[in-house]
Amino acid sequence: MSDFLLPRLRALDPYVPGEQPQDKQYVKLNTNESPFPPSPHVLDALSREAIARLNLYPDPLSAVLRQTIAAEYGLMEANVFVGNGSDEVLGFAFMAYADETRGATISDVSYGFYRVYAQLYRVSPIIIPLNEDFTLPVEKFLSQGQLVALANPNAPTSIALPLSEVERIVAGNPDSVVLIDEAYVDFGGETCVPLLGKYPNLLIVRTYSKSRSLAGGRLGYALASPAIIDDLNRMKNSFHPYNINRLTMLAGIEAMRDRRYFVSCVAAICAQREQSAAALKTLGFTVLPSATNFLFASPPGMDGKTYYEKLKARGVLVRYLSQPTLTRYVRITVGSVGQMDALLTATRDILKEEKA
Ligand SMILES: *Cc1c(COP(=O)(O)O)cnc(C)c1O
């Protein structure tokens, strides 16, 4: 840290991304990426001709991409905002709707970036603890009078909230924006897109990083009323008008159009998830019911950190979150058949070693 950094920024706790160690080849099950490559149509679209046009700025409105996304959900282009990863969309949402005069409400166990953005924008958030079984105490999220930000399905718990409960929260906060981060909804949650016509305060955030195999492309989007989209555009155009680069724009259009590929990847991941969850339960794990592309699992006879370390020593990376209520658990991305076999083999080995 330099002596020049503003005093109010010295205390920031920046987001810590899942580790990407380079010391050896790991079986990477720690950042919820897709085990599948992007759609073949994406590979075709990123042609030499497309690359040759990188001397030109991209369309600052991302019009074709937004139309393509809108068509997928039966919405209008005016209902869609696109960002450099959904992290950027979340950042613009906090920038637009929360500050020291109007705060934000989040849950204690959720996507870590909400707290970081709150801090960045000088918000002391109201942090509501989850129930003991990791479900959301819906009634505590009503009548907040300030931004409410929730992930559904939630991370890292993998648990989905039914649409009727999401609607209670959106309807219960008519004076403020309710942001529902649907990063994982394609894997089994109920989307709240059908509520958009009814609630002008609903802001849905989505990402291409998980179910559309484009984590490296950095593309996320928001679905909301035209007025909220207009707010987000005001933030973007005050910060970075060309936030989607040309290649990612092409990739995003093709990945959204190739519905068959998307459906088959999601189906394969969900099938693998059920298999892996059953196998872990057979070994004595507690596995929370997952509506996502990861499992939140607690090993028998050891805490999450020990299991994480023993897996890492065997070349398998999962995510351990040191938060007090989560110490018995690890978050395991649902990977390919081979990756999940490697996880189970390493796990059996660890459990055998414990018994010996
Ligand atoms: C992965 C994730 C994101 C970030 O996605 P990007 O689009 O890659 O920035 C946002 N929210 C949740 C809940 C996530 O798990």
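Every number for a ligand or one of its atoms is a count from 1 in the order of the listing. For reference, positions follow the sequence shown, starting with 1.
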Would you be so kind as to tabulate the donor-acceptor pairs closer than 3.5 Å made by side chains of residues 275-282, with sequence neighbours excluded?
unit_1 : atom_1 : unit_2 : atom_2 : d
Ser276 : OG     : Gln272 : O      : 3.1
Ser276 : OG     : Gln272 : NE2    : 2.9
Thr282 : OG1    : Ala278 : O      : 2.9

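Around the CD atom of Glu132, the shell of radius 6.0 Å holds no more than 12 heavy atoms that belong to other residues, nucleotides or ligands.
Contact annotation: the side chain of Leu6 approaches that of Leu9 to within less than 4.5 Å [non-hydrogen atoms, C-beta and beyond].
Near ligand 1, residues Gly85, Ser86, Asp87, Tyr111, Asp181, Ala183, Tyr184, Thr207, Ser209, Lys210, Arg218 each place a heavy atom inside the 4.0 Å sphere around the ligand atoms.
Ion pairing of Asp59 with Arg246 is absent here, as no side-chain N (NZ or NE/NH1/NH2) approaches a carboxylate O to less than 4.0 Å. Using a cutoff of 4.0 Å between basic side-chain nitrogens and carboxylate oxygens, Glu33 and Lys210 are not scored as salt-bridged.
Under the 30°/60° scheme for interplanar angles, the aromatic rings of Phe134 and Tyr329 are found to stand perpendicular.
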